[in-house]
Every structure is written in C-alpha cells, then in structure tokens.
**Q** 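The structure under discussion is supplied below as structure tokens; questions concerning it will follow.
Along the sequence shown, the residues carry numbers beginning at 1.
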Amino acid sequence: MSDPFHFDLIIRNGTVVNASDETQCDIGVRNGVVTCLGKNLPVPEGCKVIDAEGGWITPGGVDSHVHIGQNQGNAQSADDWTTGTRGAIAGGTTTVVAFAVQVRGEKVMPAVEAYYDLADGKTHCDYSFHAIISDPTDEVVDKELAELVKFGVTSVKVYMTYADMALNDRQMLDILAGSRRHGLTTMVHAENHDIIEWMAERLLKQGMSEPMHHGTSRPQLVEDEATQRALALAEVIDAPMLLVHVSAKEATRAIRKAQTRGLPIYGETCPHYALLTAEKMQAPGFLGAKCVCSPPLRSDPSDKAGIWEGLANGTFTVLSSDHAPFNFFDETGKKYGLIENTTKNPAGNFRAIPNGIPGINTRSPLLWSYGVLEGRISRQRFVELNSSNAAKLYGMYPKKGTIQPGSDADFVIWRSDASRKSTIIKQENMHHGVDYTPYEDMEVKDWPRLVILRGEVVYDGESNQIMNQPGGGEFIKRRLSSLPGPRGTSRAWINDFQPHKI
Ligand code: URP
Ligand code: ZN
Ligand code: ZN
C-alpha cells in the first residue's frame, strides 16, 4: 500500500476556506492532487513546505466566461491563450472556460477542434470550452451536441442579439430541447435584438453616436424583456439555463422568481456590473469606448445594489469576468469606432466599437476585496461564486472548485487580516495582453499572495511574477453539470406537453 503521508508539498499555517466551511489545517499534496487535510502533517524528506502565514486559502478561481482569441468583425482579440491565461493566474484564476464559435452556415465540431489547436500547449492555467451556437440546424441539435459532450464540451452559449449570432425563439426552443436531451447546460445572452437595432439606427440618424449612446440603445428593459422570454422558453422545455452577464436589478429579480418556483435556472454576473457605472461610458471624446460592453453598464445606483443583493442571496450562481479584450490605444480594437465611423461625430460611432471589457486579471481580487473584506458576502459565498459553483455547473467538480482529498491542488493564498496589503490597480501591473484595465486606480484591500496550480506555484503576488511557462495548463474534458437539471416527471407540465418525449 502506498504511504498516505508521502506528500511532495505541504501548505501550513493557513485556514482552508471551502464553500461549506473553513478549517485551520495543513494541506498535503502529492502529484498535484490534494491527498490529506490535517493538523501537523508529517513532512517527508524532500517535501516542499509553503507557509501560508496565517492567511486564507481558497480554491483556485474558475472563470467560466472569458473570450480569448475571439475576434469581433475586424477587431482583433488582444489576448491569445498565453496572455489571457497569464492574466488569469496573476489574478488567482487557475481554470478558465472560453468560447469556440460556430460560424453561421458551418459545423460546430471543426470550430471546437480548431480552438483546441489554438490553445494546446499555450496556456498558463487549466482550460475548457463552451460552444457558441449561431446556427442550430437539425444536424447540430441531433448530432453535434452529442459530439460536443463526448469531446468534454458540455455547455453551449446562444445569443438573442448581434446580427451574426441572434437566434429567434423557435431556434432557442430547438437548442434548449437538444441540450436537454444530451444533458448540456444552455447559457443565454439575453437582450432584445430588434429594440436595440431600431433604437440604434435612430440614434445615429439624430447624430447621437458617441460611445455613451451604446448604453442609450440598450436600456434595461431590453435585458429584462429578453430574460423573461428566455425563462419562458426554458420552462416550456424544462431545460436548465444560465442567464449570463446580468447587469441590472430587473433581470436579477426575474431569475430569482424562477428559482423560487423551483426551475433549474442559474444566474451569472460580472464585477463590472457590481462596481462600475455608465459614467465610465460618458468619459470625454472616445474614451468611453473602453467601457462599451453588452449589456451596458447601468447608471441607476439601485442596479449595483440589486447585483450585490443577488450575489449575497444566492440568485447568482457564478461571478465571471466576461473578459472580452480589445486594445484601446492601437488600431486593432476599440478604435474601429473611429475607423468605421460614417457619422461626422469626432467622438466616433458606438455601433462600430467592439463590445467587451477586460477583467480576467482582476475578477477574484475585486470580489475578495469589495465582497468579503467589505462585508457584503461571506468567505463561503466567495468560494461558491469564485470557484465551486462554476465547477459544479460545468462538470468539473470536485476536481476543481474545492479543497478536499482527490481535488486538484489549485489554491489561492490570501494574506491574513493582520498582514493584508492594499493595492491600487494599474494597467502597468496587469499580466493580460490588452492595453488597459477599466479598474485603473481602484483600490483593492488585498491581492493573491501566492497562486498554486496542481501543486506548482504559478504566481508570486509579492513580486507580481508569473512563475510557470506557457504549456503549464491542461485541457479539462468536462462532465455534465452536477447542479439540478430538468425537473423531469415530477413537475406540472404545461398543457400536458411533455418535453422528454420529443
Ligand atoms: O460586451 C460583451 N459582453 N462582449 C463579449 C461578448 C458577449 O456577449 O459576452
Ligand atoms: Zn454575451
Ligand atoms: Zn461574453
């Protein structure tokens, strides 16, 4: 029998924080996997010991919504798999899930395989994919969803907006029915496409083309209406659904209401909706383009409060970054709002600005600081939002998202209450590839002191140094979600329509 105390790494003198509880104990690791939690573990010869210095040890972050190497029209992603995942580990994220995109008229699997080749051997952290479905043909729904599951891609994202991606309600039903049948989770970008297009065209005609009018064209009711519609579609099919990047209180409440009714509905929000407001888009000239994302940042303070309420009360299952990196200072990204500017307005054309803001490098420290250290959420809730729930929803638990025997040795060591050090966020200290951060000059009360991926120190927060090489990350072949799925035959069917029979 192998020696259960044959560790090659021990973490001492910290408090292990899981979603369920926290314990002052050592962590014993062998071959990148946690093998033991216990007091005063024996140190075998040659075993490395890391002193957590009385700090908090949380599971490595799981950022389950990032866009890496994904262009938008002519605009080029500012992050490839190396720079994007470098930013991830420098902010305490040890696993990311990014998007392989089905181009309309093409098949899904070749896009996933090409995306796999793009990432293979290039990443600093572990990674997996969702598939964006822009064309849910019978072949996709009947065959390719099953192939995705076999490949380890057990979630799809669909859009209710963007001309080249938007699905109509009938297509949404098709994909929800297929996902239900094959066990996938459906992620939905909920905004009403026609209202946005109609308003945006008229705003441009009136000369209102500055970046801030991106927000004017996407009022809250655009998100609210699409969210309610998506929820109705999910209910018809009895399919699990995650509403992604929720920005405002109305959509948050709609999700809460569906959850209260027992539907398998999940919610995702992002640090920018909890911490930034539409003022960022009103910066002079073209500067507001840095914060053009969809749904847009909101101006009403009650929206931020509603997002924090949803983070605290369990409405939101996950907090992701929705990292969508487009450079501001060169001609490859945000500047398309000036280059493809058919208006006479020198402040640009909001319709040509690629959507999205960076956040992979800052997600966990922002939630730890503004959530836990400012008393808005508990440490347990932090772990749920930052790691565990994403690992469960996307079929990676308990390999990821927890610190227990058998799980990967992915940890973030935060400083103790006594030794905590605040940091001012500066672009010059970021490791992502994009050329700005929307959080410039914001203060966080702590930053990860050490980040460990499968037993290897990959980021040293004292020196802000990346410690591993590209290729240190592994592809994760995911299983099906372990969170509640379709309610099945126990439910009251809608007019006796039984979706499991289709
Ligand atoms: O503005 C955003 N969120 N850009 C990224 C694409 C998406 O819809 O998530
Ligand atoms: Zn989206
Ligand atoms: Zn996104």
**Q** Grab the two heavy atoms, one from Gln171 and one from Leu167, that are nearest each other, plus how far apart they are.
**A**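 Heavy atoms of Gln171 and Leu167 come nearest at OE1-CA, 3.3 Å.
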**Q** For Gln469, I'd like to know if atom CD has over 12 heavy atoms of other residues, nucleotides or ligands within 6.0 Å.
**A**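 Not buried by this count: 12 neighbours or fewer within 6.0 Å.
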**Q** Can you name the ring-ring contact (aromatic ring centres under 6.0 Å, His included) partners of His214, sequence neighbours left out?
**A**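 Checked His214 against ring-ring contact (aromatic ring centres under 6.0 Å, His included); zero matches.
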**Q** What distance separates Thr317 OG1 from Leu385 CG, expressed to the nearest 0.5 Å?
**A**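 Going from the OG1 atom of Thr317 to the CG atom of Leu385 covers 8.5 Å.
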**Q** Assess the residue pair Ser155 and Arg478 against the criterion (side-chain contact (heavy atoms from CB on, under 4.5 Å)); give the C-alpha distance rounded to whole Å, side-chain angles, the decisive distance to 0.1 Å, and a yes or no.
**A** CA-CA 9 Å; Ser155 44; Arg478 294 188 284 117; 2.8 Å; yes
**Q** What verdict does the side-chain hydrogen bond (donor to acceptor under 3.5 Å, both in side chains) test give for Ser321 and Asp63, after you've listed the backbone C-alpha separation in whole Å, the side-chain angles of each residue and the deciding distance to 0.1 Å?
**A** CA-CA 7 Å; Ser321 66; Asp63 192 345; 2.6 Å; yes
**Q** So, for Pro448 and Val412, which heavy atoms are closest and what is the spacing to 0.1 Å?
**A**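 Shortest heavy-atom contact: CB-CG1, 3.6 Å.
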**Q** Can Ser299 and Thr277 be said to form a side-chain contact (heavy atoms from CB on, under 4.5 Å), step by step?
**A** CA-CA 5 Å; Ser299 51; Thr277 63; 5.8 Å; no
**Q** Salt bridge or not for Asp169 and Arg229, using N-O below 4.0 Å?
**A**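 Yes, this pair counts.
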**Q** Using 30° and 60° as the class limits, which term best fits the ring planes of Phe475 and Phe151: parallel, tilted or perpendicular?
**A**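 Perpendicular.
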**Q** Given Met165 and Ile132, is the side-chain contact (heavy atoms from CB on, under 4.5 Å) satisfied, shown in steps?
**A** CA-CA 9 Å; Met165 306 266 209; Ile132 289 175; 3.9 Å; yes
**Q** Side chains of Ser364 and Asn386 only: does a donor on one sit below 3.5 Å from an acceptor on the other?
**A**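 Yes, a side-chain donor-acceptor pair sits under 3.5 Å.
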**Q** Determine which pairs satisfy salt bridge (Lys or Arg N to Asp or Glu O under 4.0 Å) with at least one residue from residues 337-353, sequence neighbours left out, and list them in order.
**A**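 For residues 337-353: Glu197-Arg351.
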**Q** To the nearest 0.5 Å, what is the distance between OG (Ser302) and CD1 (Ile307)?
**A**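 Nearest 0.5 Å value for the OG-CD1 distance: 10.5 Å.
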**Q** In sequence, state the C-alpha distance, the side-chain angles, and the governing distance for Glu309 and Phe316, and then conclude on side-chain contact (heavy atoms from CB on, under 4.5 Å).
**A** CA-CA 9 Å; Glu309 190 177 284; Phe316 291 116; over 6 Å; no
**Q** Please report whether the ring centroid of His272 lies less than 6.0 Å from that of Tyr439.
**A**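 Here the rings of His272 and Tyr439 have centres that are no less than 6.0 Å from each other.
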**Q** Given ring pair (Phe, Tyr, Trp, His ring centres under 6.0 Å), test Trp308 with Tyr273 step by step and report yes or no.
**A** CA-CA 9 Å; Trp308 277 112; Tyr273 300 120; over 10 Å; no
**Q** The criterion is ring-ring contact (aromatic ring centres under 6.0 Å, His included); which residues satisfy it with Phe497, sequence neighbours excluded?
**A**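 Listed in chain order: nothing, the list is empty.
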**Q** Tell me yes or no: between the side chains of Asp322 and Ser320, is some donor less than 3.5 Å from an acceptor?
**A**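 Side chains of Asp322 and Ser320: no pair found under 3.5 Å.
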**Q** With a 4.5 Å heavy-atom cut-off, do Ile68 and Tyr115 have their side chains touching?
**A**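 A side-chain contact under 4.5 Å exists here.
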**Q** Any side-chain donor paired with an acceptor under 3.5 Å for Thr83 and Asp80?
**A**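 Present: a donor and an acceptor within the cut-off.
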**Q** For the residue pair Arg479 and Thr154, confirm or rule out a side-chain donor-acceptor distance under 3.5 Å.
**A**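 Thr154 and Arg479 do not have a side-chain donor-acceptor pair below 3.5 Å.
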**Q** I need the Arg170 CZ to Leu173 CG distance, nearest 0.5 Å.
**A**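 CG of Leu173 is found 8.5 Å from CZ of Arg170.
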**Q** Examine the side chains of Tyr266 and Asn389 and answer whether a donor and an acceptor come within less than 3.5 Å of each other.
**A**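 There is no such pair (donor and acceptor under 3.5 Å, judged by atom type) between the side chains of Tyr266 and Asn389.
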**Q** Here's one to test your reading of the geometry: is the NZ or CZ of Lys334 within 45 degrees of the ring axis of Phe286 and under 6.0 Å from its centre?
**A**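 No, cation not above the ring by the 6.0 Å, 45° rule.
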**Q** Closer than 4.0 angstrom, basic N to acidic O: yes or no for Arg298 and Glu223?
**A**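 Here Arg298 pairs with Glu223 in a salt bridge, since their nearest N and O are under 4.0 Å apart.
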**Q** Checking Glu210 against Asn345: is there a side-chain donor and acceptor pair closer than 3.5 Å?
**A**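 Glu210 and Asn345 do have a side-chain donor-acceptor pair below 3.5 Å.
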**Q** What pairs of residues pass the salt bridge (Lys or Arg N to Asp or Glu O under 4.0 Å) test when at least one of them lies in residues 259-268, not counting sequence neighbours?
**A**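 Output for this query lists Glu235-Arg261.
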**Q** Can you pull the salt bridge (Lys or Arg N to Asp or Glu O under 4.0 Å) pairs that have at least one residue in residues 122-141, sequence neighbours excluded?
**A**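 Matches after skipping sequence neighbours: Lys107-Glu139, Asp126-Lys400, Asp126-Arg454.
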**Q** Verify the distance criterion only: is there a donor paired with an acceptor across the side chains of Ser77 and Asp79 at less than 3.5 Å?
**A**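 The criterion, which ignores hydrogens and geometry beyond distance, is not satisfied for Asp79 and Ser77.
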**Q** Taking all atoms of both residues into account, what is the closest heavy-atom pair of Cys270 and Leu319, and its distance?
**A**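 Nearest pair, atom of Cys270 first, then Leu319: C-CD1, 3.8 Å.
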**Q** Any ion pair linking Lys150 and Glu147 (charged N to carboxylate O, less than 4.0 Å)?
**A**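 Salt bridge: no.
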**Q** Could you tell me the separation between the CD1 atom of Ile175 and the CG atom of Leu184, rounded to the nearest 0.5 Å?
**A**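 Separation between the atoms: 8.5 Å.
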**Q** Please identify each residue that fulfils ring-ring contact (aromatic ring centres under 6.0 Å, His included) with His245, with sequence neighbours left out.
**A**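 For His245 the ring-ring contact (aromatic ring centres under 6.0 Å, His included) partners, ignoring immediate neighbours, are His65, His189.
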**Q** Within a 6.0 Å radius of atom CD on Glu279, are there more than 12 heavy atoms belonging to other residues, nucleotides or ligands?
**A**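 Atom CD in Glu279 is not crowded, with 12 or fewer foreign heavy atoms closer than 6.0 Å.
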**Q** What are the two closest heavy atoms between Thr186 and Ser179, and how far apart are they?
**A**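 The pair with the smallest heavy-atom distance is OG1-OG, 3.2 Å.
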**Q** Decide yes or no on salt bridge (Lys or Arg N to Asp or Glu O under 4.0 Å) for Asp142 and Arg181, but give the supporting numbers first.
**A** CA-CA 9 Å; Asp142 297 338; Arg181 196 156 60 243; 3.1 Å; yes
**Q** Taking all non-hydrogen atoms of both residues into account, name the closest pair between Tyr336 and Ala75 and its distance.
**A**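 Reported closest heavy-atom pair: CE1-CA, 3.8 Å.
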**Q** I need the minimum non-hydrogen distance between Pro296 and Glu191, along with the two atoms involved.
**A**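 For Pro296 versus Glu191, the nearest heavy atoms are CD-OE2, 3.9 Å.
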**Q** Can you confirm whether the side chains of Thr402 and Ser388 place a donor and an acceptor under 3.5 Å from each other?
**A**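 Their side chains do not contain a donor-acceptor pair, so the 3.5 Å distance test is not met.
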**Q** Checking His124 against Thr85: is there a side-chain donor and acceptor pair closer than 3.5 Å?
**A**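 There is no such pair (donor and acceptor under 3.5 Å, judged by atom type) between the side chains of Thr85 and His124.
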